[in-house]
There are 2 protein chains.
Amino acid sequence: MAPPSARQRILDTAFRLFYARGLRAVGVDTIIAESGVAKATFYKHFPAKDDLVLAYLARVDGIWSGQLHDAATAAGPEPRAQLVGLFDALGTACRRDGYRGCAFINAAAEAVPGTPVHEATVAHKHAVLQWVRDLAAEAGSGDPDGLARSLTLLLDGGLAAGALDADPAAATRAREAAEVVVAAALN
Amino acid sequence: MAPPSARQRILDTAFRLFYARGLRAVGVDTIIAESGVAKATFYKHFPAKDDLVLAYLARVDGIWSGQLHDAATAAGPEPRAQLVGLFDALGTACRRDGYRGCAFINAAAEAVPGTPVHEATVAHKHAVLQWVRDLAAEAGSGDPDGLARSLTLLLDGGLAAGALDADPAAATRAREAAEVVVAAALN
DNA sequence: GAGTAGGTAGACAGACCTGTCTGTTCGTTC
DNA sequence: GAACGAACAGACAGGTCTGTCTACCTACTC
């Protein structure tokens, strides 16, 4: 197996450190040192730190979206079940070691509104909302937007709570509340 | 009216800047310059930056807890109505200019777990949870802890969503979802 | 064997960070 | 009027931050 390229090592290190410590708390020098890369190489792949931050967020987006989809489809073929099942991704995330909440919420807390980094977090949340909305429409909701917003509210609440206190009970509770909300909206 | 004391000016400036830009993004020098205070005075009142951060969080805690209580009592004397009414504080906050989500969630995103700053955010969330739990118990819930967790999940979700996109619709939706959850728990 | 792409190593600039220190000025109280 | 507390003004130290730059090295390709 070929050793990971310099770019890959940088991205891997950034993924680990940015999530664990925060965007501002991790300097370029630290990432360079820990990924065992030369400074010139770093700046060749990522002309500015923010470019690396954006690449980091893009990777997180891919991973998290994948986990949401997987959790949803694992709940079965019915959209209604999937709307509740996606919350299993939250439980899995909560139990993961080093869990520190939602990378996007954390990034938004450090980013200035209007900057590309902040825009990326907003775009991610909109994409998730859109996906849940489609699921809600498939499930036959009369108000798919309202139902989707209620569910993403619960999801974000669970993610935010995890940043303060990674309690798996919060994830379970979120799933139960989602069940109640879905039942009220579809029955 | 006497002009505000140096300590008060520092705290006022910190309140404004920390919330608007984040804890790490605002340096001591900036706060000193904007509050029109001497550096020695600053360090006399707050021996380290973290002391100021803690004072800032304590002030936010006081204000936000007050707004939650006010919104709850405005909904009437019945605990059941108060459980839903407290979400009006979220709507009011969302509509405020410069709203950037929950100061505690944002602070937690920048703080290292285990530090006093992080502990303060956890303590705040626990206090809110405890208060809602008491309200749920008064309302006659058979599982006051579960109901309180569901509701704070919605509340945190609304606050977190506001950090990305201060949409008052999210607050309205949170209130409606709370209504559904409370109804399911108490009927 | 020359050229090129991609990497390593590390000095350097310039800004900004927290925190310390010296000295001055003002108002109050004794 | 002397003493004192509280604040002002700002230089300074020591560290960290991002980003640039020079110089060398290695593997592959033509």
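Naming: A, B, ... by sequence-line order, numbering from 1 per chain.
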Subject >> Enclosure of A/Asp97 CG (heavy-atom neighbours >12, cutoff 6.0 Å) >> reply: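 Open: at most 12 neighbouring heavy atoms sit under 6.0 Å from CG of A/Asp97.
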Interatomic distance where [atom1] belongs to [X] and [atom2] belongs to [N] [whole Å]:
| X | N | atom1 | atom2 | answer |
| --- | --- | --- | --- | --- |
| B/Phe46 | D/dA7 | CZ | C1' | 15 Å |
| A/Asp29 | D/dT16 | CG | P | 10 Å |
| B/Lys44 | C/dC21 | NZ | P | 16 Å |
| A/Leu23 | D/dT16 | CG | P | 20 Å |
| B/Tyr43 | D/dC12 | OH | C1' | 13 Å |
| B/Ile32 | D/dA11 | CD1 | P | 14 Å |
| B/Ile31 | D/dC8 | CD1 | P | 15 Å |
| A/Arg7 | C/dG6 | CZ | P | 12 Å |

Original post:
Which pair of heavy atoms, one from B/Cys94 and one from B/Pro168, lies closest together, and at what distance?
Top reply: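 Scanning both residues, the minimum pair turns out to be CB-CA, 4.3 Å.
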**OP:** Would you mind classifying the nucleic acid contact of B/Ala48 as base, sugar-phosphate or nothing, using non-hydrogen atoms under 4.0 angstrom?
**Re:**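 Sugar-phosphate contact only - B/Ala48 comes under 4.0 Å of backbone atoms but never of a base.
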Original post:
Of all of residues 111-121 of chain B, which get a heavy atom below 4.0 angstrom from DNA chain C, listed by number?
Top reply: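 By residue number: none to list.
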Are OP1 or OP2 of [N] and a side-chain N or O of [X] less than 4.0 angstrom apart?
| X | N | result |
| --- | --- | --- |
| B/His45 | D/dA7 | yes |
| B/Arg9 | D/dC8 | yes |
| B/Thr41 | D/dC8 | yes |
| B/Lys39 | C/dT20 | no |
| A/Lys49 | D/dG19 | no |

**OP:** If a pair satisfies side chain to side chain donor-acceptor pair (under 3.5 Å) and one of its residues is in residues 102-116 of chain B, list it, with sequence neighbours excluded.
**Re:**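 As it turns out, there is no side chain to side chain donor-acceptor pair (under 3.5 Å) pair with a partner in residues 102-116 of chain B once direct neighbours are skipped.
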**OP:** Indicate, with yes or no, if B/Tyr99 and B/Trp64 share a hydrophobic cluster defined by side-chain heavy-atom contacts under 4.5 Å among Ile, Leu, Val, Met, Phe, Trp and Tyr.
**Re:**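 Same hydrophobic cluster.
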Subject >> Hydrophobic cluster identity match, A/Val112 and A/Phe104, side-chain contacts under 4.5 Å >> reply: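 No, separate clusters.
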Original post:
Which word best sums up how the rings of A/Tyr56 and A/Phe15 line up, parallel for under 30°, tilted for 30 to 60°, or perpendicular for over 60°?
Top reply: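 Taking A/Phe15 first and then A/Tyr56, their aromatic rings stand perpendicular (interplane angle over 60°).
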Subject >> Salt bridge A/Arg16-A/Asp12, side-chain N to carboxylate O under 4.0 Å >> reply: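 Here A/Arg16 does not pair with A/Asp12 in a salt bridge, since their nearest N and O are not under 4.0 Å apart.
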Original post:
If you pin B/Val37 and A/Arg24 to their nearest nucleotides in DNA chain D, which one's is more 5'?
Top reply: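 Looking at DNA chain D, the more 5' nearest nucleotide goes with B/Val37.
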